[in-house]
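Here the structure is laid out as structure tokens; the discussion comes afterwards.
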Protein chains: 2
Amino acid sequence: MKHVTIKDIAKELNLAVSTISRAFNDKYDIRPETKQLILNKAREMGYRPNPIARNLLQQRSMNIGIVIPEFIGSFFPEVIIGAQEVLFKEGYQLLITQSNECYKTEIENVKLLERNMVDGLIISLSHQTKNIECFKELVSSGLPVIFFNRVIDILNTSKVVFDDYKWAFFATEHLIYQNYKKIFHLAGPANLSLAKNRIRGFQNAHKKHRLDVPDSHIIPSGFTIEDGDRVAMEMIENKNIPDAIFAAGDLTAIGAMKVFKRHGYKIPEEIAFVGFSEQTLARHVDPPLTSVAQPTFEIGRTAAKLLIAQIENQGVHIPQTITLSGKLNIRSSSMKLTK
Amino acid sequence: MKHVTIKDIAKELNLAVSTISRAFNDKYDIRPETKQLILNKAREMGYRPNPIARNLLQQRSMNIGIVIPEFIGSFFPEVIIGAQEVLFKEGYQLLITQSNECYKTEIENVKLLERNMVDGLIISLSHQTKNIECFKELVSSGLPVIFFNRVIDILNTSKVVFDDYKWAFFATEHLIYQNYKKIFHLAGPANLSLAKNRIRGFQNAHKKHRLDVPDSHIIPSGFTIEDGDRVAMEMIENKNIPDAIFAAGDLTAIGAMKVFKRHGYKIPEEIAFVGFSEQTLARHVDPPLTSVAQPTFEIGRTAAKLLIAQIENQGVHIPQTITLSGKLNIRSSSMKLTK
DNA sequence: ATTTTTTTCGGAAACGTTACCGGAAACTAT
DNA sequence: ATAGTTTCCGGTAACGTTTCCGAAAAAAAT
């Protein structure tokens, strides 16, 4: 680990360390020839600047932390790729942590990242998270934080969200246009505001078309395949079979679809399915699943941009909420009319 | 960003900074009462040690870099979770980068992590990677590097691999026992040694049972669903239909299965499928896919442990290759005999 | 020719921490 | 009582940078 330092170059060339430093950060006055001399020598000696020392001096780590609830499924990985793209370009590193949808781990991750002096945080909550005291403290401590997707409404930070209401509305309307009547909604975890918005969209689409939705059509579920399995089994046991299902998550839709298929139901003739979030999977199940696509990469990029702006602006920062739009990919899981 | 430092505490208590430092690293001599006094005051003032300063002094970043080819699918995320578990416990941070199976991005990621003074690297290659000069240099520079899963045989580093040969053999044998005769293998990218090992296992299982495998039964593919789609379409066009398929990756198997199902083939009656790597998906497709499960979390944990050992041991390190074992999860996609 | 400005560089302090050296007490042993 | 040992703590030098201040030399202006 005998790293070449700025001092070694200085000694070799009989110059002061400050001169060497100047050669690398061209904002200072230095004669072009000496600069070239230094740069050549540096390359020759295999010098690499030590970011740790620089960070210490500048009181920042150039690290950004990201806290996500899970890794499985393509949604969060794609968000990360988007964020990484922007951050790397600006010289930031991304520290990724995941909580397995567990509140305790989530808090630990935040503390860990805080201890390691990240310059900012990008967070999407676990669906266990109810107690938000910790996040209140975090935000008021002054550390730049951006929430995305699963946000806390009352927290005074910038957020990147999806227009869940609108797209749940469209997705439901699509089923209504296809002439499905008894439409069930597999809702997301109750404490997430995105779940509430999707429910509202589902209800208001019915209202617009003067259709009735009893509360019993809205079934609290989660986001996993197993949740879909479970709910579908219950429907079959209770002999309460819908003719269409709009799920708050693709995986839930896929899980339920699998169970109904196994029990001999024809899809989409007897039951139609629409999912939400466009996992890459949706295209590949049988039949392909109609789903609301979120701009995952764009969510990541936007969150990263907001965060960087806030970091470089310390002090004069106005929290803003950016709402992104998506699209509805219609596939055969919900096509009754045409085939 | 007015962080409380060790100096502030020293001033507040009229003590020397060295004393404060001692209070936190208990290996030094300090009177229990003063230690308590300092610890209390520190908590009161909200002091948090600055790891950047510590790292600068100790010439290490406590960061580990991981370079993986992709994020989609559950394999690599699970490896990461395993590695994270071990690393965090030892105080290391994990910087995650992904290359999208692109050689150029992969190299850039490595350089980026190197610049940022990671103490070690955990790498699984993209399947584009053929030129290994860069990795040779990396290893001979002295930076501790562990490869896993997709490794370079001739490189003198520690590696964590899976017994691809053995499990490909078992998987093939399973199909043979089920009395399938015309078994095709969808092989992985040709330059990965794991792909070669799986091919060998496939061939030798046939040899053991005195069955013939023409080379035309081994079809070069990739690891994605699209690869499976494509290969299956070609088989159908050429009217060259196997009665069983053993794929080097679950996703390839799933893609191919989807196509054959759409064309009316009964699974497993007409065509059986066995995959490799046990993506979480395998359990949820229709019919559920028989697959070789790799100990993903354990791979991550093992790689992390090897790396830490090497880092703390600098100098006297003997490269070792650890081969982990798995199991074959038999599901209905390959069950001809019993149902 | 003298003064002023500009260019180019060296010296030194700082960032927050740990590690070493040594000094002043207090305690033990002769 | 004296010498030796232990216990506790202060002072200071590092780690590799950047940045500020000022000095010497060169160039420009008077």
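Per chain, numbering begins at 1; letters A, B, ... match sequence-line order.
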message = Without decimals, in angstroms, what is the distance between Asp8(B) CG and dC15(C) P?
response = 10 Å

request  = Give a yes/no on whether any side-chain N or O of Ser21(A) is located under 4.0 angstrom from OP1 or OP2 of dT17(D).
outcome  = no

ask   = If you pin Asp29(A) and Val17(A) to their nearest nucleotides in DNA chain C, which one's is more 5'?
value = Asp29(A)

query = So what does Thr5(A) touch, heavy atoms closer than 4.0 Å: a base, only the sugar-phosphate, or nothing?
reply = sugar-phosphate

remark   = Among dC15(C), dC8(D), dT19(D), the one nearest any side-chain atom of Gln59(A) is dC15(C)

inquiry  = Expected output is a numbered-order residue list: members of residues 49-58 of chain B with a heavy atom under 4.0 Å from any atom of DNA chain D. What is it?
reply    = Leu56(B), Leu57(B)

note = Separation of dT17(D) atom P from Phe24(A) atom CZ, nearest Å, is 9 Å

message = I need the CD-C1' distance between Gln36(B) and dC8(D), as an integer number of Å.
response = 17 Å

task = Could you tell me whether a side-chain N or O of Ser21(B) sits under 3.5 Å from a main-chain N or O of Val17(B), the two making a donor and an acceptor?
result = no

ask   = Between the base of dG11(D) and the side chain of Ser18(B), is there a donor-acceptor distance below 3.5 Å?
value = yes

query = Hey, do the aromatic rings of Phe223(B) and Phe75(B) have their centres closer than 6.0 Å?
reply = no

request  = May I ask you to verify whether the side chain of Arg22(A) and the base of dG10(C) hold a donor-acceptor pair under 3.5 Å?
outcome  = yes

remark   = Side-chain atoms of Ile30(B) come closest, of dT18(D), dG10(D), dC9(D), to dC9(D)

message = Taking any heavy-atom pair under 4.0 Å as a contact, classify Arg60(B): base, sugar-phosphate, or nothing.
response = nothing

query = Asn25(B) has an atom CG; how far is it from atom P of dC20(C), in whole Å?
reply = 13 Å

inquiry  = Please determine whether side-chain contact (heavy atoms from CB on, under 4.5 Å) holds for the pair Ser124(B) and Phe147(B), giving the CA-CA distance in whole Å, both sets of side-chain angles, and the decisive distance to 0.1 Å.
reply    = CA-CA 6 Å; Ser124(B) 190; Phe147(B) 286 90; over 6 Å; no

ask   = Are Glu106(A) and Thr129(A) close enough that a side-chain donor and a side-chain acceptor fall under 3.5 Å?
value = yes

task = Verify the contact: side-chain N or O of Lys7(B) to OP1 or OP2 of dT17(C), cut-off strictly under 4.0 Å; return yes or no.
result = no

ask   = Contact class for Asn14(A) (heavy atom, under 4.0 Å): base, sugar-phosphate, or nothing?
value = sugar-phosphate

inquiry  = Parallel, tilted or perpendicular, judged at 30° and 60°: which one describes the rings of Phe71(B) and Phe71(A)?
reply    = tilted

ask   = Given the rule in the side-chain contact (heavy atoms from CB on, under 4.5 Å) test, do Asp8(B) and Thr5(B) qualify, once you have shown the distances and angles that lead to the verdict?
value = CA-CA 5 Å; Asp8(B) 299 320; Thr5(B) 80; 3.5 Å; yes

ask   = Starting at CD1 of Ile20(A) and ending at P of dT18(D), how long is that distance when rounded to a whole Å?
value = 11 Å

Atom-to-atom span, NE2 of His3(A) to C1' of dA14(D) - whole angstrom = 18 Å

ask   = Looking for any heavy atom pair under 4.0 Å, which part of the strands does Tyr47(B) touch: base, sugar-phosphate only, or nothing?
value = sugar-phosphate

Whether Phe24(B) and Tyr47(B) hold their rings parallel, tilted or perpendicular, with breakpoints at 30° and 60° = tilted

task = Could you tell me the separation between the CZ atom of Arg48(A) and the P atom of dC15(D), rounded to a whole number of Å?
result = 21 Å

key: Nearest-Å distance for atom pair CD1/P, residues Ile38(A) and dT17(D)   = 13 Å

task = Heavy atoms only: give me the nearest Pro319(A)-Asn156(A) pair and the separation to one decimal.
result = CG-OD1, 3.4 Å

